[in-house]
Amino acid sequence: MLAPFDDDSGKRKGERHIGGGQARLRRSLFAAALPASFRWNKALCALYARLKTRGYAHNYALVACARKLIIYANTVVQRGSPWVENHTAL
């Protein structure tokens, strides 16, 4: 889904990228991560800003936010409780 995979062959080291698997789910995660990392989720906004100040490209920072969004969703499902934003973590 969003896990990076390598494009290596022999001694050649290829570029790492995401792909394969479920493209529809990946598009949905990007569509959710974009507004969340710019407006709605303060932790994702901080993550995006931190990565951009380090010099990461927009897409790389957005992939990191989408992966973090998956972690949040898995936590909600595992706990069986609704999402509650933690204000003390920021």
Side-chain angles (χ1 to χ4, degrees):
M1 188 172 21
L2 287 179
F5 69 90
D6 52 6
D7 193 14
D8 298 345
S9 176
K11 292 184 178 182
R12 185 182 73 82
K13 284 211 154 228
E15 184 176 325
R16 289 357 186 204
H17 53 275
I18 60 171
Q22 302 144 343
R24 186 175 175 188
L25 180 59
R26 191 170 45 253
R27 279 193 309 266
S28 299
L29 281 168
F30 276 115
L34 190 61
S37 62
F38 284 109
R39 175 177 282 179
W40 304 115
N41 190 308
K42 293 178 185 176
L44 288 179
C45 291
L47 174 66
Y48 182 85
R50 190 169 59 245
L51 292 174
K52 286 298 286 181
T53 56
R54 286 187 193 170
Y56 283 82
H58 167 74
N59 281 343
Y60 287 107
L62 194 59
V63 167
C65 290
R67 289 182 61 127
K68 185 66 82 167
L69 200 58
I70 291 172
I71 292 169
Y72 293 160
N74 285 338
T75 303
V76 166
V77 169
Q78 180 185 17
R79 292 181 182 167
S81 61
W83 171 259
V84 178
E85 188 173 1
N86 185 0
H87 294 286
T88 59
L90 301 175

Inset, instruction - Apply side chain to side chain contact (heavy atoms under 4.5 Å, CB included) to L62 and F30, showing your working. - result: CA-CA 7 Å; L62 194 59; F30 276 115; 3.8 Å; yes
Inset, instruction - For A31 and P35, work out which heavy atoms get closest and say how close. - result: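 Nearest pair, atom of A31 first, then P35: O-CD, 3.0 Å.
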Legend entry - S37 versus Y48, closest heavy-atom pair with distance: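 Result for this residue pair: O-CB, 3.9 Å.
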Any residue meeting side chain to side chain contact (heavy atoms under 4.5 Å, CB included) with [X], in chain and number order, not counting sequence neighbours:
{"X": "A36", "answer": "N41, L44"}
{"X": "R39", "answer": "none"}
{"X": "S28", "answer": "none"}

Inset, instruction - Sequence neighbours left out, what passes ring-ring contact (aromatic ring centres under 6.0 Å, His included) with Y56? Give chain and number order. - result: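 For Y56, no residue satisfies ring-ring contact (aromatic ring centres under 6.0 Å, His included) once neighbours in sequence are set aside.
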Legend entry - Cluster check Y60, L51: I/L/V/M/F/W/Y, side chain < 4.5 angstrom: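 Yes, one cluster joins them.
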Inset, instruction - Check the pair L34 / H58 against side chain to side chain contact (heavy atoms under 4.5 Å, CB included), numbers first and verdict last. - result: CA-CA 10 Å; L34 190 61; H58 167 74; 4.0 Å; yes
Inset, instruction - To the nearest 0.5 Å, tell me how far L47 CG sits from L69 CG. - result: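 Nearest 0.5 Å value for the CG-CG distance: 11.0 Å.
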